[in-house]
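Below is one structure, written out as structure tokens; comments come after it.
Computed from a predicted structure; not experimentally measured.
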Amino acid sequence: EAQDGIVDLLTEVLRTQFGGMLASDITPARSGYFFTAFSLSAKHKIPLEKSMTVIFGPQLLEFFLKIIAGAAVMWMVLEKVSLLGDNVGIAVLFVLAVIAAIAVFGALMFSRGFLEHFSPLKEFSFGKKAFYFFLLMQKHSHILFQKIGLLLGIEAAAWLTKSLEWALYFWALGLHLTGDFASDYAFFILFHAFITFLHFIPLPTIAGAGTAEAASAAVLVAFGVPFEAGVAFTFLTRGGMMLVDLLGVPAIVEFAGREDLGQLFEFEKRLEGREKGLE
């Protein structure tokens, strides 16, 4: 029975995960992925700060790894062509700014002392919600450190599998970088991380659509891939991703017919009588 319960739980999380991925495919900065946390909280009465912790925490780790991969890709491009000319400093500043942003959100999740610097925000309604939300997440964030080995293992497996998918798409189109699949696969380990990171940049487009494709094609041009072929490749990768994410339709339909999303953000009621214990 215990095994059946674990299987049922994993199945439910997987369904909801696909729902979040599908929602992220059609929202700016992939913000729709938080649907996963909303749905699990609503259906299973899990405090939202707990479900957000398990979504937000690993995502920060992934962002950090992806920006490092992105820096490596830009360095390789600069060695190929003077794509950025004398503006290499801009690229460096961009990388540092993203890393700094990740560090700030990480500190908000894990450091009580850092969060206290934002305590004046409690004078405002939205600021109060945000402050106590991060405070509640800090009560559970230590779990991520306890499971860091497992999280890194899952991240590595997912990263390598996704890179293999992109490499196979590339070769299926008759495209090659070196003529050696192993070498091309090694390139896509970094390249796919860089491009998928661009999906999360808060631009007024659907999951970075257009920006990511243009950047992808531009990078591939530097390695001798025709621009049109590079664009075709990027649309193939995005299309394949969205096709798989359609498995999340049932989860979204079920949630839409059951819950009012706005209720999940009514922190005042949930925090009544808890502020003193959190202070």
* To do: Assess whether side chain to side chain contact (heavy atoms under 4.5 Å, CB included) is satisfied between K43 and E12, documenting all intermediate values.
  => CA-CA 10 Å; K43 186 173 182 178; E12 174 63 19; 3.3 Å; yes
* Determine, step by step, whether F34 and T27 satisfy the side chain to side chain contact (heavy atoms under 4.5 Å, CB included) criterion, reporting the C-alpha distance in whole Å, the side-chain angles of both residues, the deciding distance to 0.1 Å, and the verdict. => CA-CA 11 Å; F34 289 120; T27 51; over 6 Å; no
* **side chain to side chain contact (heavy atoms under 4.5 Å, CB included) between D180 and D184, worked out** => CA-CA 6 Å; D180 176 63; D184 284 3; 5.9 Å; no
* Could you walk me through whether W159 and H192 pass the side chain to side chain contact (heavy atoms under 4.5 Å, CB included) test, one step at a time? => CA-CA 9 Å; W159 198 320; H192 110 269; 2.9 Å; yes
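Shown here for S216 and T234, the closest heavy-atom pair between the two residues is OG-CG2, 2.8 Å. Heavy atoms only, all atoms of each residue included: G230 and A217 are closest at C-CB, 4.2 Å. Residues A37 and I55 come closest through the heavy atom pair CB-CG1, 4.0 Å.
With values rounded to the nearest 0.5 angstrom, E254 atom CD is found 6.5 Å from S39 atom OG. To the nearest 0.5 Å, atom OH of residue Y185 and atom CG of residue L177 are 15.0 Å apart. Rounding to the nearest 0.5 Å places CE of M241 at 7.0 Å from OG of S24. Distance NZ/K147 to CD1/I154: 10.5 Å, rounded to 0.5 Å. Taking CG of L40 as the reference point, atom CD1 of I46 lies at 5.5 Å (rounded to 0.5 Å). With rounding to the nearest 0.5 Å, the separation of CD1 in I26 from CD1 in I252 is 6.5 Å.
Side chains of T36 and T16: no donor on one and acceptor on the other come within 3.5 Å.
Ring orientation note: the planes of F114 and H117 are nearly perpendicular, at an angle over 60° on the 30°/60° scale. Ring planes of F188 and F191: perpendicular class, angle over 60° (limits at 30 and 60°).
Each of W171, F223, F170 was scored for a ring pair (Phe, Tyr, Trp, His ring centres under 6.0 Å) with H176, with one residue passing: W171.
Using a 4.5 Å heavy-atom threshold, the side chains of V244 and F18 count as touching.
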